[in-house]
Amino acid sequence: MCGRFTLHDTPEEIIASLDGLDIDVDGAGLEPLEPCYNVAPTIYTPTVAGGETPTAGRRRWGLVPHWAKDPAIGNRMINARSETVAEKPAFRNLVAKKRCIVPANGYYEWKKHQAPGGGRSGKIPYYIRSPQHRVLWFAGLHDNWFSADDKRLDTYTIITTRPAAAVADIHHRMPVILPRDGIEQWLRPDRGDQAGALALLQPYNGELEAYAVSQMVNSPRNNSPLCMAPAAAADDADLLPGRSR
DNA sequence: CCAGACGTTGTT
DNA sequence: GTCTGG
DNA sequence: CCAGACGTTGTT
DNA sequence: GTCTGG
């Protein structure tokens, strides 16, 4: 699945990674963009919503459907399965007109770990990213919700699929990462039909690298580059004088 | 007709 | 909003 | 995903 | 144990 990710590039770098795709960044709310090394559900991040001219804007992670009575439902709607997204009542109506993409520099997965000797099992967090440090674009769905006092809430969910071979040992699900060539079809209804868009929801074909990180990422309150540092380096930093454990 | 769900993950 | 279940 | 809360009353 | 919040 995908329950935590990073986004630390500048807005310019993020937009440049779309390689000239025509998007409306007017009033996009991409600036200012604080680097975040530990994006958790309910956090606002940049997204690009589909349309004839795709439009950038900030949205909150955790889909709150427009019909929801309680926006707390968004705390649990952080992922949508690609295999069933076209059928599930909560998602299928969004597939037609509410597709979006979500930029990330990488994401975290927790690998279950069985201690030798039948001891306690635990979980080790891993960070997964492009070896060339390219921006990854997740496939998502979005919606807008209005509170009783008419406050607008824009939210999204990240679509998941089976893992690419490079990360299959870590976890049996991964976010859908769109190839650059697929982004226009995902975002622009004039570039193909819905079936074509759904066909893009596949395990990632590109290169990925993965390595273990420290437990620092576990708490959503931690937002430091050390969250994505290799485990040994992060542990060393933990031992620096003056740092409480 | 109205009421109630609408989701994923992992674990058992 | 829309569908399923009762 | 993980962390953290999980409660009421009355008083300031 | 289970739910909410980040």
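So you know, we letter chains A, B, ... as the sequences are listed, proteins then strands, and number each from 1.
Residues meeting the side-chain hydrogen bond (donor to acceptor under 3.5 Å, both in side chains) test with A:Asp181, sequence neighbours left out: none. When the side-chain contact (heavy atoms from CB on, under 4.5 Å) test is applied to A:Asn93, no partner is found at least two apart in sequence or on another chain. Residues meeting the side-chain hydrogen bond (donor to acceptor under 3.5 Å, both in side chains) test with A:Arg60, sequence neighbours left out: none. In terms of the salt bridge (charged side-chain N to carboxylate O under 4.0 Å, His left out) criterion, A:Lys69 has no residue partners (sequence neighbours excluded). Scanning for salt bridge (charged side-chain N to carboxylate O under 4.0 Å, His left out) contacts around A:Asp9 gives an empty result, with sequence neighbours left out. For A:Arg191, the salt bridge (charged side-chain N to carboxylate O under 4.0 Å, His left out) test picks out A:Glu184, with sequence neighbours left out. Every residue two or more places apart in sequence or in another chain was checked for a side-chain hydrogen bond (donor to acceptor under 3.5 Å, both in side chains) with A:Tyr108, and none qualifies.
First and last contacting nucleotides of DNA chain C toward chain A (any atom under 4.0 angstrom from a heavy atom, 5' to 3' order): C:dG1 to C:dC3.
In DNA chain B, consecutive stretches of 3 or more Watson-Crick or G-U wobble pairs with both distances under 3.5 Å are given as paired ranges: B:1-6 with C:1-6.
Within residues 134-169 of chain A, no residue has any heavy atom under 4.0 Å from DNA chain C. Within residues 63-92 of chain A, the residues that have a heavy atom under 4.0 Å from DNA chain C are, in order of number, A:His66, A:Trp67, A:Arg92.
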Under-3.5 Å N/O pairs linking protein and nucleotides 4-6 of chain D:
none

